[in-house]
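All remarks here apply to the structure that follows.
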There are 2 protein chains.
Amino acid sequence: MDICEQKCINEKNVQETAKTIPKKEIIEQMVDIFKALGDPTRLTIVLALLKQEHCVCDIAVLCNQTDSAVSHQLRILRTMKIVKNKRKGKSIYYSIDDDHVVSLINMSLDHVQH
Amino acid sequence: MDICEQKCINEKNVQETAKTIPKKEIIEQMVDIFKALGDPTRLTIVLALLKQEHCVCDIAVLCNQTDSAVSHQLRILRTMKIVKNKRKGKSIYYSIDDDHVVSLINMSLDHVQH
DNA sequence: TCCTCATTTGAACAATTGTTCATATGTTAA
DNA sequence: TTAACATATGAACAATTGTTCAAATGAGGA
């Protein structure tokens, strides 16, 4: 905040606002969620699972992607606790594991369609 | 959906879900919003402007970034209609231009702090 | 037990993205 | 009109990210 002294700062306003900005870690966590949803493949996966659970190869078909590509993205979504999985016979079924994400998606849908 | 015939598809479920997935363009637009918020500098900018309008160099201080870097990111946010700007004397003041984004951010804050 | 098949993994590559630096623009105030 | 200053821009670079391909797991069913 005081790196360079000859700045055009409205010192007071900057200080005011600075107080309201969340901590770096909080921001990083928010960024991570937005990043997770900020990719067409991953968003499509989540949109699909919003309807019902699916196995990896079905998701691949729904996304028009390789099983492998989908698996990579599912790992990311799993790591972020956005989806969870369970085995059923030979296949592994993925489903949504986070209600907040559902709200985020509905809200962005609203925004796009408004 | 029918590229490869020997898939382990639950044909029925896939068809069902396919109907509920938004069009490609819609998905792209949603992705763009999430991408816009999925960067620490841009998210910090938006969080700052949530409190009050600021000029570029004040934002730069708040983000610990170069005026130039901030300017680049502001252009992206402006293009996406997330922020708007107006001149006041020598400086250009930026502010939030999209209420949906405010909701998105509050929701992700919720999620992180849960 | 062994074979099959769905899923995962790792490395490599291509593409996208953010920041930096130098420079350009354009408005204000003298 | 001009000098000073805030902001914007473009090119270059580094870093991150997504997809592909080949190969490895590992559980289920024969």
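Just so it is clear, the values below take in all heavy atoms, side chains as well, and ignore hydrogens, waters and symmetry mates. Within every chain, numbering begins at 1; the chains are lettered A, B, ... in the order of the sequence lines, protein sequences first and strands thereafter.
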Closest approach to the side chain of [X], judged atom by atom: which nucleotide of [options] is it?
{"X": "B/Val56", "options": "C/dT8, D/dA8, C/dT17", "value": "D/dA8"}
{"X": "A/Arg75", "options": "D/dA8, C/dG18, C/dT9", "value": "C/dT9"}
{"X": "B/Arg87", "options": "C/dT27, D/dA8, C/dT8", "value": "C/dT27"}
{"X": "A/Arg42", "options": "C/dT7, D/dG18, D/dT19", "value": "D/dG18"}
{"X": "A/Ser71", "options": "D/dC21, C/dT8, D/dA8", "value": "C/dT8"}
{"X": "A/His72", "options": "C/dT9, D/dA11, C/dT8", "value": "C/dT9"}

Categorize A/Tyr94 for me: base, sugar-phosphate, or nothing, with a 4.0 angstrom heavy-atom threshold over every strand shown.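 If one applies the 4.0 Å heavy-atom cut-off, A/Tyr94 turns out to touch the sugar-phosphate alone, with no base involved.
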Scan A/Ser68 against the nucleic acid and name what it touches under 4.0 Å (heavy atoms): base, sugar-phosphate only, or nothing.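 The answer is base, as A/Ser68 lies within the cut-off (heavy atoms under 4.0 Å) of a base atom.
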Hey, are A/Lys23 and A/Glu28 close enough for a salt bridge, meaning a charged N less than 4.0 Å from a carboxylate O? no
Mapping A/Arg78 and B/Gly38 onto DNA chain C by nearest heavy atom, which one lands closer to the 5' end?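 Final value for this comparison: A/Arg78.
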Need to verify one output field. Residue with the more 5' nearest nucleotide on DNA chain C, A/Lys90 or B/Ile76?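 Looking at DNA chain C, the more 5' nearest nucleotide goes with A/Lys90.
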Check whether A/Asn85 reaches the backbone of A/Ile92 with its side chain - one donor and one acceptor, N or O, closer than 3.5 Å. no
Check this one for me: any side-chain N or O of [X] less than 4.0 Å away from OP1 or OP2 of [N]?
{"X": "B/Thr41", "N": "C/dG18", "result": "no"}
{"X": "B/Gln65", "N": "C/dG18", "result": "no"}
{"X": "A/Gln73", "N": "D/dT17", "result": "no"}
{"X": "A/Thr66", "N": "D/dT19", "result": "no"}

Heavy atoms only: give me the nearest B/Leu62-B/Ala48 pair and the separation to one decimal. CD1-CB, 4.1 Å
On the six-membered ring of A/Tyr93, is A/Lys86 placed so that its NZ or CZ lies under 6.0 angstrom from the centre and within 45° of the ring axis? no
Judged by each residue's nearest nucleotide on DNA chain D, which is more toward the 5′ side, A/Gly89 or B/Ile92? B/Ile92
